[in-house]
Amino acid sequence: MISSLKHVGDSEGPCAVVKRVCRRGCWEDGAVEVESAEGANVQVSVIVPVYNAAEWLDECLQAVLDQDFKGSMELSVYDDSSTDNSREIVEGWREKLEKKGISVVISGHNCDKPRGVGFAKNQAVSQSSGECLCFQDADDVMMPQRVSMQYETATLHPTAIVGCQVCRVPEGSTERYTRWINSLSPEQLYTQVYTSHGPTVVMPTWFCSRDWFLKVGPFDEGGKGVPEDLLFFYQSLRLGGSVIRVDECLLVYRYHQNAATHSVLEETIWTLRVDFLQERVLSQWDSFTIWNAGKQGRKLYRSLNPTNQKKVKAFCDVDENKIKKGFYTYEESKERPKPKIPVLHFRDAPPPFIVCVKLDMTGGVLEDTLLSLKLTEGKDYYHFN
């Protein structure tokens, strides 16, 4: 019985990695197949990658213990070479969790350097056995009804990534981002996947069926600086997966400077977004207008492949100084003559548009303008910033 073991395969040596265990599906041919405890089906595995999370683990694990879910649960933790006492803290919660019927699987490695969030999540998934996966960051706190509410939704939508609304702490941090997370309409969960905010349901709230995860995944294991959540999210959409948000705050989402998301370079995200926009939207359009003749609009134009650059019929703006210039000349182009793109007032510009104006920064003016033009998001325009 796995739940009765202190670790899934102890190991020794200067850089020992616990042998990868595959309990209900895996990507590695050499993985070991292991039955869940007592041969029973585990309905939900809570997946917790850990790296130097001692400061937050007690609060995180107390919240796992406090879940009101009536089905079978499992906690699967993978320690990515923490240098603090994170693993000891998790072990200290084993007895309490098992007394409540929550089986516990803990493993990790002790290499000199962490392998990254993607690697740790993949390991935690592989050693788990639940029909559904509830992803939980060690520095966040789930509300008591999180597992029960998301499980209900995920069982009705087996090919969905299910998220939820969040409560941000410290209160007032990342206000615009938090408002965006919580207020997107069901349609915008699909249309706003190209913005700099990333996945329209944020990774710390993800819940999905194991079968869907195995079809889409695994997470990219490139390590620090790799946006493994965005890569997975885009692949899920490519495969026809749906995106659903439970409209209740089911997670206390902590903001702090040591969060892994801060290690991802803005340019890395930019490139992925541009590529996905070209793949999913621009490939379907014969022509379009870039809404913003300023820095961001010009950057988008320069980032497009030559085929899509030729589809740009105009830039549009509200700034009279930019409009008076008449054209944007692509000076870096090797074409002769160099491309000159008209700069128009937005009321004179032809749709569809790629809007490169920051969301929620104009006091509602941008949103009101788009409404006044009777434009439909996802058809006549997409937000990119």
Side-chain angles (χ1 to χ4, degrees), residues 174 176-177 180 188 191-200 225-227 229-231 233-234 237 261-362 365-367 369-370 375 377-378 380-385:
T174 66
R176 287 176 53 242
Y177 180 45
W180 180 82
Q188 288 172 328
T191 60
Q192 293 198 15
V193 298
Y194 311 102
T195 76
S196 59
H197 287 320
T200 48
V226 173
D229 56 342
L230 185 61
L231 289 166
F233 185 72
Y234 281 172
L237 290 172
T261 185
H262 297 309
S263 70
V264 182
L265 296 176
E266 183 180 333
E267 283 304 308
T268 302
I269 299 291
W270 175 276
T271 300
L272 290 171
R273 291 165 52 216
V274 171
D275 289 348
F276 200 57
L277 179 73
Q278 294 189 114
E279 173 190 333
R280 304 278 287 189
V281 177
L282 302 187
S283 64
Q284 306 300 312
W285 288 354
D286 295 327
S287 64
F288 63 98
T289 296
I290 295 177
W291 190 307
N292 186 350
K295 182 179 178 181
Q296 291 295 302
R298 297 195 303 268
K299 181 180 179 182
L300 174 60
Y301 175 83
R302 293 193 301 270
S303 301
L304 300 175
N305 63 40
T307 298
N308 286 320
Q309 284 180 347
K310 287 180 169 61
K311 294 180 181 181
V312 179
K313 297 307 178 185
F315 290 89
C316 73
D317 215 294
V318 297
D319 188 329
E320 291 296 337
N321 291 325
K322 294 173 185 173
I323 296 168
K324 284 177 182 176
K325 291 180 180 178
F327 291 90
Y328 163 68
T329 302
Y330 182 27
E331 297 290 354
E332 295 90 344
S333 176
K334 295 180 180 179
E335 289 186 35
R336 295 296 182 272
K338 295 179 180 179
K340 296 179 72 174
I341 314 301
V343 179
L344 307 174
H345 190 277
F346 70 85
R347 294 198 180 277
D348 299 323
F353 300 96
I354 298 299
V355 181
C356 292
V357 179
K358 288 185 179 179
L359 289 162
D360 200 12
M361 287 288 283
T362 62
V365 173
L366 172 64
E367 291 78 6
T369 299
L370 292 168
L375 300 174
E377 186 173 359
D380 302 313
Y381 71 93
Y382 285 87
H383 285 287
F384 187 72
N385 267 23

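All residue numbers in this chain count up from 1 along the given sequence. Computed from a predicted structure; not experimentally measured.
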Stepwise, does the side-chain contact (heavy atoms from CB on, under 4.5 Å) test hold for Glu377 with Gln192?
-> CA-CA 9 Å; Glu377 186 173 359; Gln192 293 198 15; 3.0 Å; yes
Those residues at least two apart in sequence (or on a different chain) that pass salt bridge (charged side-chain N to carboxylate O under 4.0 Å, His left out) with Lys311 are none
Check: Pro350 main-chain N/O paired with Thr289 side-chain donor or acceptor under 3.5 Å = yes
Any idea which heavy atoms bring Asn292 and Cys356 closest together, and the distance?
-> ND2-O, 2.8 Å
Flag side-chain contact, heavy atom, 4.5 Å: Phe327 against Pro342 = yes
d(Glu266 CD, Arg273 CZ) to nearest 0.5 Å is 8.0 Å
Would a distance-only check, ignoring hydrogens and angles, find a side-chain to backbone donor-acceptor pair under 3.5 Å from Gln278 to Asn305?
-> yes
Is the count of non-hydrogen atoms from other residues, nucleotides or ligands lying under 6.0 Å from Lys325 atom NZ greater than 12?
-> no
Between Trp285 and Phe288, how do the two ring planes meet: parallel, tilted or perpendicular, split at 30° and 60°?
-> tilted
Any chance you could lay out the side-chain contact (heavy atoms from CB on, under 4.5 Å) test for Tyr382 and Thr191, step after step, and finish with the verdict?
-> CA-CA 6 Å; Tyr382 285 87; Thr191 60; 4.3 Å; yes
Hey, is CD on Glu332 packed in by over 12 heavy atoms from elsewhere, all under 6.0 Å?
-> yes
Can you tell me how far CD1 of Ile341 sits from CD1 of Ile290, rounded to the nearest 0.5 angstrom?
-> 8.0 Å
Would you call Pro199 and Leu230 a side-chain contact if the rule is heavy atoms closer than 4.5 Å?
-> yes
Please report the closest heavy-atom contact between Arg176 and Leu359, naming both atoms and the distance.
-> NH2-O, 2.9 Å
Would you mind telling me which of Lys338, Arg298, Arg302 makes a salt bridge (charged side-chain N to carboxylate O under 4.0 Å, His left out) with Glu331?
-> Lys338
Which atom of Gly198 lies closest to which atom of Trp180, heavy atoms considered | O-CH2, 3.6 Å
Check the pair Trp270, Phe384 against ring-ring contact (aromatic ring centres under 6.0 Å, His included), reporting the backbone distance first and the verdict last.
-> CA-CA 10 Å; Trp270 175 276; Phe384 187 72; 5.2 Å; yes
In this structure, CD1 of Ile269 is separated from CG of Leu265 (nearest 0.5 Å) by 9.0 Å
Pick from Asn385, Leu366, Asp317: which one makes a side-chain contact (heavy atoms from CB on, under 4.5 Å) with Trp291?
-> Leu366
The reported gap from NE2 in His197 to NZ in Lys358 (rounded to nearest 0.5 angstrom) is 9.5 Å
Heavy-atom pair with the smallest gap, counting every atom of Val274 and Ser303 = CG1-O, 3.8 Å
Nearest 0.5 Å, what's the CG-CD distance between Leu300 and Gln309?
-> 9.5 Å
Salt bridge or not for Glu267 and Lys299, using N-O below 4.0 Å?
-> yes
For Phe276, all residues meeting ring-ring contact (aromatic ring centres under 6.0 Å, His included), sequence neighbours excluded = Tyr194, Tyr234
Please walk me through it: do Phe346 and Phe353 pass side-chain contact (heavy atoms from CB on, under 4.5 Å)?
-> CA-CA 10 Å; Phe346 70 85; Phe353 300 96; 5.7 Å; no
For Ala293 against Val343, the heavy-atom pair lying closest together = CB-CG1, 3.7 Å
Roughly how far apart are Leu277 CG and Ile354 CD1, rounded to 0.5 Å?
-> 4.5 Å
Is the side chain of Arg336 donor-acceptor paired with the backbone N or O of Ser333 at a distance under 3.5 Å, no angle test?
-> yes
